[in-house]
A.B. asks: 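Structure in structure tokens, see below.
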Amino acid sequence: MGDLPIVRFEEKIVETVKENPVVVVIGETGSGKSTQLPQILYRRGYAKSGIIAVTQPRRVAAVSVSRRVAQEQNVRIGEEVGYAIRFEDRTSEKTRIKYLTDGVLLRESLFNPELNQYSVIILDEAHERSLNTDILLGLMKRLIKWRHSNLKVLITSATLDGGKVSRFFSDCPVLTVPGELFPVEIVHISELPKSYVEASLKKAIDIHVREPEGDILIFLTGQVRVFSPPPPNCRRFIVSTNIAETSLTVDGVVYVIDSGYVKQRQYNPSTGMYSLEVVQISKVQAKQRAGRAGRTRPGKCYRLYPSTVYHDDFLDATIPEIQRSSLAGTVLYLKSLDLADMDILKFDFLDSPSVESLEDALKQLYLVDAIDENGSITSLGRKMAELPLEPSLSRTLLEANELDCLSQALTVVSMLSAETTLLPAPSKSSEKKRRHTLSNLPDGFGLGDHIQLLQIYEQWYQTDYNIDWCKENNLQVRGMVFVRDVRKQLSQIMQKITKGSLDVQTSNRRRGGKQEYKSLRKALCIGYANQLAERMIRHNGYRPLGFKSELVQVHPSSVLKSDEDGMLPNYVVYHELIVTSRPFMRNVCAVEMRWVVPILAKLDKLNVFKLSGGSSQPDNQIQEVTSTVEKKEITAVQPPEDRASMIQAARERFLARKGQK
DNA sequence: GAGCACTGC
């Protein structure tokens, strides 16, 4: 390994790091930056006063890279070289080089904001711009001011715009290390095809007929089954999503077909809805895809778009995750750090999320009681930030603890954390089977999907976590085991937060009936105060409250039942709004009017201007921001005419009851 | 009555 390109730059790297607190290292695939950079600094004594931390966006990468480095150092994993990922800490007092996911480093920073145990922090794969890496970039900028004398920060990436990061860190130096890829010939087609799926199929057959041996990797937006039956000889056709850009390395690939598209999840802060859209990839992504052809020998990349489209239409870089996600959790995290002069609208991000998105986050946090009407974090909010969950789910756990149904809530929340991986990938053959077996699973008494998830886990518990039971019921074993791990971790954190011995045991009793779930549903209602929907008067469509008014439906996969008149509950809370063919609420739970009334009152007095620190002295940049806020109509709920009086009456009853107490 | 890429604490 001594001849990796990066080693030839050792002197230059060491010299630059010595003179500067922050250094950007651009290294193409095959440069050895992830494995060699920490070893170089280790050799030069940088681990004497602290640990060298290397972050990775993915767990597998943290584990595999650390294993390779341990091997090169000739030590066992967990000794001088170790890793830390969720559920698994393979480090010891001897550890000097520590690989960890960026999520783990963020969590460590919550309890030790100065990260004193580290002398060097290397943020690897920064070009991927994961939400966590972006937060860390902002935190590092603050941290080097406090720890100027004893902390070195290195930002490394494959194709990141080095100049931009350098400017972000007060014009820090940028080192470029060449990679060891084989040349890849790029071929563009002359005009955009009508169908990129069809075009990629044609191109694949074309390569198969004309070109010498070598596997073909095809980047599409989903696993479309268009390549069956397989060709008669042994050439492999690998159809892949963007997973092969980063997570997956396929050996033997010589040809890449790049459709130029990717399916991307986007959050709309004004409607609270997620959507999955097929969008054009960025130049960075196109380069990444082409690079996959040159890992073992010279290769070819066929791009199913003209070069003019690449140059003129493609974005330089993918829109960072931070600009495509709901930021409630992120904002709560930053608020809980108690950074001096912390104003969330002024936090220094490499690419700032929109003001609208930040205000949406503040609004949500206010509704779940994590911040007060002035935008300051509450003691409840502090506890919520300690839980590795979305704010609505942390709020549910804390409320459940008050209502003596923590054990049930822990199960529901854990099941939701792995929900997508529970059911097996749909295929024609298993579809019937799944439907059949699902009918054998509990139905949540018609109260909704959260209750069903609880019942499923409790049944599994009663079989003593029997793997065969999962298989019989077509539940993914890995998913269920993951749920069990999450539940254990959350139980421990809850014990710590409440400083008490809690009853977190999964219930073993035979369940009585609907009444059994009342407290749990109330806790869910309070936790999901930001995800509450009201049914329309005469039909089963719903309107999410607190967002721009849009009509949504309960997802057809839901087990929520209607009453004798065919009507669904007046109010439900939902886990997620997702736009596919239409806007749907996924995972809903029926809630009662009397729990909803205080939330409606809160929605009424919502004042985003105050939440975003409207009283503070704005600087020029912020001036512009606040003026748009002032003009904007506050998105409080306007109940439909004839229901307004009903809500008012219920609210008065509620307040009267409260007064009596 | 739908049908959804990928991560992570």
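Labels below follow one simple rule: chain letters A, B, ... track the order of the sequence lines, proteins then strands, and each chain is numbered from 1.
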A.B. asks: Starting at atom CD of A:Glu128, determine the distance to atom C1' of B:dG8, rounded to an integer number of angstrom.
C.D. replies: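 Whole-Å distance recorded here is 12 Å.
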A.B. asks: Would you tell me whether A:Ser130 and A:Glu128 have side-chain atoms, one donor and one acceptor, within less than 3.5 Å of each other?
C.D. replies: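 Short answer, no.
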A.B. asks: Send over the distance from A:Glu390 CD to B:dT7 C1', rounded to a whole Å.
C.D. replies: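 Those two atoms, CD and C1', are 14 Å apart.
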A.B. asks: Which nucleotide sits closest to the side chain of A:Arg107: B:dA2, B:dC9, B:dT7?
C.D. replies: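 Comparing B:dA2, B:dC9, B:dT7 against the side chain of A:Arg107, the answer is B:dC9.
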A.B. asks: At 4.0 Å (heavy atoms only), tell me whether A:Ser130 reaches a base, stays on the sugar-phosphate, or touches nothing.
C.D. replies: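 No contact at all - A:Ser130 keeps every heavy atom at 4.0 Å or more from the nucleic acid.
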A.B. asks: For the pair made of CG in A:Asn132 and C1' in B:dG8, what is the distance, rounded to whole Å?
C.D. replies: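 For the pair A:Asn132 CG and B:dG8 C1', the rounded distance is 6 Å.
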A.B. asks: Quick one: which of B:dA2, B:dC9, B:dA5 gets closest to the side chain of A:Lys263?
C.D. replies: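 For A:Lys263, the side-chain atoms sit closest to B:dA5.
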A.B. asks: Residues two or more places apart in sequence or in another chain: which of them pass side-chain contact (heavy atoms from CB on, under 4.5 Å) with A:Val559?
C.D. replies: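 Here the qualifying residues are A:Asp449, A:Gln452.
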A.B. asks: Rounded to whole Å, how long is the line connecting atom CD of A:Gln266 with atom P of B:dC4?
C.D. replies: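 Nearest whole value for this atom pair: 15 Å.
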A.B. asks: B:dC6 C1' sits how many Å from A:Tyr261 OH, rounded?
C.D. replies: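 Rounded to whole Å, this separation is 20 Å.
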A.B. asks: Check whether any side-chain nitrogen or oxygen of A:Thr101 sits under 4.0 Å from OP1 or OP2 of B:dC9, and answer yes or no.
C.D. replies: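 Checking B:dC9 against A:Thr101, a side-chain N or O does come within under 4.0 Å of OP1 or OP2.
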A.B. asks: Judged by each residue's nearest nucleotide on DNA chain B, which is more toward the 5′ side, A:Arg59 or A:Arg582?
C.D. replies: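 It is A:Arg582 whose nearest nucleotide is closer to the 5' end.
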A.B. asks: Is the A:Tyr574 to A:Tyr542 ring centre distance short of 6.0 Å?
C.D. replies: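 A:Tyr574 vs A:Tyr542: aromatic centres not under 6.0 Å.
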A.B. asks: Using a 6.0 Å cut-off, check whether atom NZ of A:Lys488 has over 12 heavy atoms from anything other than its own residue.
C.D. replies: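 No, the 6.0 Å shell around NZ holds no more than 12 heavy atoms from other groups.
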A.B. asks: Can you name the side-chain contact (heavy atoms from CB on, under 4.5 Å) partners of A:Asp351, sequence neighbours left out?
C.D. replies: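 For A:Asp351 the side-chain contact (heavy atoms from CB on, under 4.5 Å) partners, ignoring immediate neighbours, are A:Arg129, A:Lys164, A:Pro320, A:Gln323.
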A.B. asks: Quick one: the side chain of A:Arg586 and the base of B:dC4, do they pair up donor-acceptor inside 3.5 Å?
C.D. replies: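 Yes, the side chain and the base share a sub-3.5 Å donor-acceptor pair.
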A.B. asks: A:Phe87 has an atom CZ; how far is it from atom P of B:dG8, in whole Å?
C.D. replies: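 In whole Å, B:dG8 P and A:Phe87 CZ are 11 Å from each other.
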A.B. asks: Given that A:Arg324 and A:Leu387 both sit by DNA chain B, which one's nearest nucleotide is further toward the 5' end?
C.D. replies: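 Nearer the 5' end of the strand: A:Arg324.
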A.B. asks: Hey, does the side chain of A:Arg265 come within less than 4.0 Å of B:dC6's phosphate (OP1/OP2), counting only N and O?
C.D. replies: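 Result: no.
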A.B. asks: Nearest to the side chain of A:Leu276, which nucleotide is it out of B:dA2, B:dC4, B:dG8?
C.D. replies: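 Looking only at side-chain atoms, A:Leu276 lies closest to B:dC4.
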A.B. asks: Can you check the A:Asp485 CG to B:dC9 P distance for me, whole Å?
C.D. replies: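 Atom CG in A:Asp485 sits about 12 Å away from atom P in B:dC9.
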A.B. asks: With sugar-phosphate meaning primed atoms plus P, OP1 and OP2, does A:Ile85 contact a base, only sugar-phosphate, or nothing at under 4.0 Å between heavy atoms?
C.D. replies: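 Touches sugar-phosphate only.
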A.B. asks: Atom CD of A:Gln223 and atom C1' of B:dC4: how far apart are they, to the nearest Å?
C.D. replies: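 Whole-Å distance recorded here is 12 Å.
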